[in-house]
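A note on names: the letters A, B, ... follow the listed sequences, proteins ahead of strands, and every chain is numbered from 1.
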Amino acid sequence: MDMRRAKIVKNVSVTIGAWLVALLIFFPIFWMVLTSLKTELNAFSTPPSLFFMPTLENYLVVFERSDYLKYFWNSVVISFGSSIIGMLIAVPGAYAMAFYPTARTKDLLLWMLSTKMLPPVGVLVPIYLLFRDTHLLDSKIGLVIIFTLINLPIIIWMVYTYFREVPKDILEAVRMDGAHVWGEIRHVLLPISLGGLSSTFLLSLILSWNEAFWSLNLTTSSAAPLTALIASYSSPEGLFWAKLSAASTLAVAPILIFGWISQKQLVRGLTFGAVK
Amino acid sequence: MSQINTNASVAKILVAPSVILLALWMIVPLAMTIYFSTLNFNLMIPGGRDFIGFENFYWFLTDPSFITGIINTLVLVGAVLIITVGLGTLIAVLVDNPFPGRGLVRVLLISPFFIMPTVNALIWKNLLMHPVSGLFAWLFRQVGLEPIDWFTDLPMTSIVIIVSWQWLPFAILILMTALQSMDQEQLEAARMDGAGPISTFWHITLPHLARPLVVVIMIETIFLLSVFAEIFTTTSGGPGTQTTNLAYLIYTQALLQFDVGMASAGGLIAVVLANVVAVFLIRAVGKSLAEQ
């Protein structure tokens, strides 16, 4: 009887504890969305209002400032562009390393990962000057190039991790039938690893969408993505909280939803298969 | 047999683009940085690009803000690692138990990881930590305390809180997933032997988490060494240089003071420091990741 009571107490406290922690951690996001539905006056009021007439006015204002859509479009072009190009470069490379490993493959993989350790500030100056001289500053193409390069090591590692889990005999069977590399990739490998490839693509999208260092330093207005737009709200501090919240909600919503969908798959890729 | 050989040589061609691009990405800017670091090169002073040897390094290293920058970088990385790994482990163990709504709790817990850093920083700065109208100020007044002017009085603490909030979900996600693959029979056996929750955690759970913990530390360190947007959008490195980390310091040299030579010297020092950390990390985990 005592055991059972102890178990119930434990279950109840775990439930309450876990929900409390989750709600606390999620709270800033909830508060942002809540504030985006208030009037500017209401957003400032103390005590903070929990019950109010929600309004979509802020969202309308954010949309009417036609340049919001421009920033959104820049983010879409830059993150999809760099993710697609990244995948096109990484998939063949990861395929070669996973299925035709040589003595140096492991060192090659480690070297690729080590390029990710190069701090961006270390190369900011030359990239800035190169971009200035080639008119790539404040251009979408410039950011696509940079994002492709900085995410390439992670993409290769993730795809490599997924490819390693593909049973080798399946590929060997096709190979014995005389299939060429391309046939092998297209008809066997891609269908099998579609799940892993799409979560790699999603992670690349998430990283590019949220990247701030290069987009803040290499763009001014015409190619600036949403990260830069939101940062520009930091100057008129506190004046437009409701609109800031609405713009922020719009900026994070697509990626948040992508993240929720792919979270389980992301773990495997992000940890290079070390955690299952 | 010949088919296999052809495929193997095709494989070499397939890996070439990645290797060439990454090599260029590594070598070209780095070589330029090394070159610039030896010049008296300021974008505001046209013409002059004299060779001055190691003078930039001398000035950068003896500038008091350099030491502050290093200390701030280490404090930020260290504090965020301790908070995210410590709390992350506890929360992961907590939500590893079955309870109603676990799926939803998981989704809520992981959410901050997907929020872009500039949004993260501005929401915390304005809506939560604002000294007059922020939610925290109101809460403090409710319990009769003086509200804290976060970014003026506790600037580094504020940055640490913001960055930790963003990275805690990552630690939780990885550790939570790792816990699911624990050997349930072993746990049951330990419980039968009368092991309490604490000794079970210490002797079974923690060793099981060793590898995922190292992965968390490695990935977080890579990203935390170059935290930039959170500082850029909240304190701009201030007050004074209290929140200026190495990344932000070099940024101010390069794009605010246009001192290319000095910024390049600083950049190289950052590269060297990151490589010291990288060599250590790669030794510790990289090898075992590639060899598994």
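- For A:I146, the part lying near chain B is the side chain, with the backbone staying farther off; criterion is any non-hydrogen pair under 4.5 Å.
- Residues B:N126 and A:Y233 form no side-chain contact, since every pair of their non-hydrogen atoms from C-beta on lies 4.5 Å or further apart.
- B:T33 places a side-chain N or O within donor-acceptor distance of the main-chain N or O of A:G122, the cut-off being under 3.5 Å.
- Considering only heavy atoms from C-beta on, A:I145 stays 4.5 Å or farther from B:W25 through its side chain.
- A distance-only check finds a donor-acceptor pair linking the side chain of A:N210 to the backbone of B:F114 [under 3.5 Å].
- For the pair B:I250 and A:L124, the minimum side-chain heavy-atom distance is 4.5 Å or more.
- A:W19 contributes a side-chain N or O that, together with a main-chain N or O of B:P100, makes up a donor-acceptor pair within less than 3.5 Å.
- The shortest non-hydrogen separation linking B:A23 to A:W111 is N-CH2, 3.6 Å.
- B:P112 is listed as a side-chain neighbour of A:I25, based on a closest heavy-atom distance under 4.5 Å.
- A 4.5 Å side-chain heavy-atom check between B:V107 and A:F26 finds every atom pair outside the cut-off.
- When heavy atoms are compared at a cutoff of 4.5 Å, A:M32 approaches chain B by way of both its backbone and its side chain.
- In this structure the side chain of A:L108 reaches within 4.5 angstrom of the side chain of B:V15, judged on heavy atoms.
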